[in-house]
S.K.: 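Handing you a structure now.
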Amino acid sequence: MIRPNGQSDAYHDFADVLDIAVYEPLPDDWLVGITDVVDSTSAIASGRYKDVNYAGASAIAALGNAWNSFDFPFVFRGDGAAFALHPERREIAASVLQQTASYTRNELQLDLRIGLVSVKDIRSGGSDVKVARYAASETATYAMFAGGGLNWADRQIKAGRYVIPPGLGHSTPDLTGLTCEWAPIPNRRGEILSLLVEPRDQVEPAIFTMLARRTLAIFEAGERGSHPVPDDIAVTQDVEEYLGGRGWSDVVSNSDYRRYDDVLRLTLDCTPEQSATVEALLIAARDRGEISFGLHRQSHALMTCLVPSRNPNSHLHFLDGMGGGYTKAAAMLEAQSGDLRSLAGT
């Protein structure tokens, strides 16, 4: 059941949130927010991986700090974020998002596009916004989204609708607890794979669920389930203080290397054989008209961390690939989706 803050009961097995039937719709008057770094591909090509990820996570940190609570549904998407909020929070959200876009422009020299869309408008456009929660550990819970509404909103905002312009001043959002100053994490099994898999509109949810679970099972058969964050890193005193005194094992368990936000989104440390097996599986599904997908292989992963000052135990760790990650995988996926829209005359 969805509560007023957009929260619902959490699932502890990631495979459960691949079943769209477990998701619950948000109320019509709620708002969906989307941010993304404009032309993040160029920034990544120049080696600015950390800046792009920091800008991508900045709206989550700024909104949570402004409300003194991270109890709203949100998801990190590499070069941006998506989130949902109660209509009573709209005024504060718009102001904070403008500050965030102004900050990324002035301090990072990155153009952060931001927009807010009502759930009612999304449903009028033929999509939906449904939410489920996945408990990665006892202290870290991540929102998952289904229904196609995030992707619909993203396309509208990129087309110039529902956009909120950046603030004109130099006011700084509160980004307390957000850092991207971790050393890149090398692969140990062959490669860091960034993978995106999106169901096509006409496909029965059960078909996608079965495919997604088959994909997941291939990676889970590997060592440590293909988790990209090793569990044997020595933690310095500074890191211990940043994490509020908790150990590295909590960083591992709290990491969001698997998520679903209208797209299955994975960052994995896997063997070339595993990624090749999955790629062949996905090519066949794409050719059957079931999915679009994108992937990118690289040597290292990046981690952007958020430690809420009011509840440091619930520290969150967002994963992406260092060599372009989700941004490059998204370019491959969008090329497939764009071809489909062209064929459909849309």
S.K.: Quick check: is Leu97 connected to Leu108 through a chain of hydrophobic side chains (ILVMFWY, heavy atoms under 4.5 Å apart)?
M.R.: yes

S.K.: Is there side-chain contact between Leu281 and Thr277, with at least one heavy-atom pair below 4.5 Å?
M.R.: no

S.K.: Where the side chain of Trp248 meets the backbone of Pro230, is there a donor-acceptor pair that is under 3.5 Å apart?
M.R.: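 Answer holds: yes.
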
S.K.: Does CE in Met332 sit with more than 12 non-hydrogen atoms of other residues, nucleotides or ligands closer than 6.0 Å?
M.R.: yes

S.K.: Would you please say whether a donor-acceptor pair under 3.5 Å links the side chains of Thr172 and Gln99?
M.R.: no

S.K.: What is the distance from atom CG of Leu266 to atom CG of Leu295, rounded to the nearest 0.5 Å?
M.R.: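 These two atoms lie 11.0 Å from each other.
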
S.K.: Using every non-hydrogen atom in the two residues, find where Pro166 and Ala101 come nearest and quote the distance to one decimal.
M.R.: CB-CB, 3.8 Å

S.K.: What salt bridge (Lys or Arg N to Asp or Glu O under 4.0 Å) pairs are there with at least one residue in residues 202-218, not counting sequence neighbours?
M.R.: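 For residues 202-218, and leaving out neighbouring residues, there are no salt bridge (Lys or Arg N to Asp or Glu O under 4.0 Å) pairs at all.
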
S.K.: Does one hydrophobic cluster hold both Phe83 and Ile164, with members joined at side-chain heavy-atom distances below 4.5 Å?
M.R.: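 Cluster IDs for Phe83 and Ile164 match.
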
S.K.: Would you confirm whether Arg77, through its side chain, and Asp261, through its main-chain N or O, come within 3.5 Å as a donor-acceptor pair?
M.R.: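 It does hold such a pair.
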
S.K.: Can you list everything that forms a salt bridge (Lys or Arg N to Asp or Glu O under 4.0 Å) with Glu107? Sequence neighbours excluded, please.
M.R.: none

S.K.: What is the distance from atom CG of Leu112 to atom OG of Ser102, rounded to the nearest 0.5 Å?
M.R.: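 If we round to the nearest 0.5 Å, Leu112:CG and Ser102:OG are 11.0 Å apart.
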
S.K.: Taking atom OG1 of Thr267 and atom NE2 of His296, what is their separation to the nearest 0.5 Å?
M.R.: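 Going from the OG1 atom of Thr267 to the NE2 atom of His296 covers 11.5 Å.
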
S.K.: If you group Ile, Leu, Val, Met, Phe, Trp and Tyr by side-chain heavy-atom gaps below 4.5 Å, do Ile283 and Leu264 land in one group?
M.R.: yes

S.K.: Which distance, rounded to the nearest 0.5 Å, do you find between the CZ of Phe318 and the CG of Asn53?
M.R.: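 Separation between the atoms: 10.5 Å.
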
S.K.: Quick one: does Leu302's side chain get under 4.5 Å of Leu319's, heavy atoms only?
M.R.: no

S.K.: Any sub-3.5 Å donor-acceptor pair from Arg105's side-chain atoms to Asp111's backbone N or O?
M.R.: no

S.K.: Using the salt bridge (Lys or Arg N to Asp or Glu O under 4.0 Å) rule, collect all pairs that involve residues 27-56, keeping only residues at least two apart or in two chains.
M.R.: Asp28-Arg123, Asp36-Arg113, Arg48-Asp51

S.K.: Applying salt bridge (Lys or Arg N to Asp or Glu O under 4.0 Å), name anything that partners Glu220, two or more places apart in sequence or on another chain.
M.R.: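 Partners of Glu220 by the salt bridge (Lys or Arg N to Asp or Glu O under 4.0 Å) criterion, ordered by chain and then number, come out as Arg258.
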
S.K.: For Phe74, check ring pair (Phe, Tyr, Trp, His ring centres under 6.0 Å) against everything at least two apart and list the hits.
M.R.: Phe72

S.K.: Quick check: does any side chain N or O of Asp250 sit under 3.5 Å from a backbone N or O of Arg246, one acting as donor and the other as acceptor?
M.R.: no

S.K.: Please state whether the rings of Tyr54 and Tyr103 are parallel, tilted or perpendicular, taking 30° and 60° as the class boundaries.
M.R.: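 Rings of Tyr54 and Tyr103: tilted, as their planes differ by 30° to 60°.
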
S.K.: Ignoring hydrogens and angles, tell me if any N or O in the side chain of Asp154 forms a donor-acceptor pair with the backbone of Leu150 under 3.5 Å.
M.R.: no

S.K.: Within this structure, what is the CD-CD distance for the pair Gln202 and Glu290, rounded to the nearest 0.5 Å?
M.R.: 9.5 Å

S.K.: Examine distances only and state if a side-chain atom of Asn187 and a backbone atom of Ser299 form a donor-acceptor pair shorter than 3.5 Å.
M.R.: yes

S.K.: Can you tell me if CD on Glu91 sees more than 12 non-hydrogen neighbours from other groups inside 6.0 Å?
M.R.: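 Counting neighbours around CD of Glu91, 12 or fewer heavy atoms of other residues, nucleotides or ligands fall under 6.0 Å, so no.
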
S.K.: With no hydrogens and no angle check, is any side-chain donor or acceptor of Asp269 less than 3.5 Å from a backbone partner on Arg188?
M.R.: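 Yes, because the side chain of Asp269 sits within donor-acceptor range (under 3.5 Å) of the backbone of Arg188.
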
S.K.: Running the 4.5 Å side-chain criterion over Ile, Leu, Val, Met, Phe, Trp and Tyr, what cluster does Ile192 land in, apart from itself?
M.R.: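 In the cluster with Ile192 there is nothing else; it is isolated.
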
S.K.: Check for a donor-acceptor pair, side chain of Ser292 on one end and backbone N or O of Gln336 on the other, with a separation under 3.5 Å.
M.R.: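 No; zero donor-acceptor contacts below 3.5 Å.
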
S.K.: Considering only residues two or more places apart or on different chains, which pairs with a residue in residues 250-293 satisfy ring pair (Phe, Tyr, Trp, His ring centres under 6.0 Å)?
M.R.: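 The answer is Phe208-Tyr260, His227-Tyr257.
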
S.K.: Relative to Tyr326, does Arg265 satisfy both conditions: NZ or CZ under 6.0 angstrom from the six-membered ring centre, and within 45 degrees of the ring's axis?
M.R.: yes

S.K.: Supply the atom-to-atom distance Glu181 CD to Met303 CE, rounded to the nearest 0.5 angstrom.
M.R.: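 Answer rounded to 0.5 Å: 12.0 Å.
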
S.K.: Quick one: does Gln298's side chain have a donor or acceptor within less than 3.5 Å of a partner on Glu191's backbone?
M.R.: no

S.K.: For a 4.5 angstrom cut-off between non-hydrogen side-chain atoms, does Leu193 reach Phe219?
M.R.: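 Answer yes - side chains close enough.
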
S.K.: Tell me, which pairs form a ring pair (Phe, Tyr, Trp, His ring centres under 6.0 Å) where one or both residues lie in residues 116-142, sequence neighbours left out?
M.R.: Phe14-Tyr134

S.K.: Can you list everything that forms a salt bridge (Lys or Arg N to Asp or Glu O under 4.0 Å) with Asp256? Sequence neighbours excluded, please.
M.R.: Arg259

S.K.: Given 3.5 Å as the limit, does a donor-acceptor pair link the side chain of Asp174 with the main chain of Ala62, or not?
M.R.: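 No, Asp174 side chain to Ala62 backbone: no donor-acceptor pair under 3.5 Å.
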
S.K.: Tell me, yes or no, whether the heavy-atom count around Glu88 atom CD, taken from other residues, nucleotides or ligands under 6.0 Å, exceeds 12.
M.R.: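 Open.
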
S.K.: Where is the tightest heavy-atom contact between Ser226 and Cys270, given as atom of each residue plus distance?
M.R.: OG-CB, 4.1 Å

S.K.: Side-chain heavy atoms under 4.5 angstrom apart, residues restricted to Ile, Leu, Val, Met, Phe, Trp, Tyr: same cluster for Ile114 and Ile92?
M.R.: yes

S.K.: With a cut-off of 3.5 Å and sequence neighbours excluded, list every side-chain donor-acceptor pair involving residues 16-23.
M.R.:
unit_1: Asp19; atom_1: OD1; unit_2: Ala21; atom_2: N; d: 3.0
unit_1: Tyr23; atom_1: OH; unit_2: Val17; atom_2: O; d: 2.6

S.K.: Going only through I, L, V, M, F, W and Y residues with side-chain contacts under 4.5 Å, is there a path from Tyr162 to Ile122?
M.R.: yes

S.K.: Who are the salt bridge (Lys or Arg N to Asp or Glu O under 4.0 Å) partners of Lys120, not counting sequence neighbours?
M.R.: none

S.K.: Should side-chain heavy atoms under 4.5 Å link Ile, Leu, Val, Met, Phe, Trp and Tyr, which residues sit in the same cluster as Ile207?
M.R.: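 Listed partners: Val203.
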
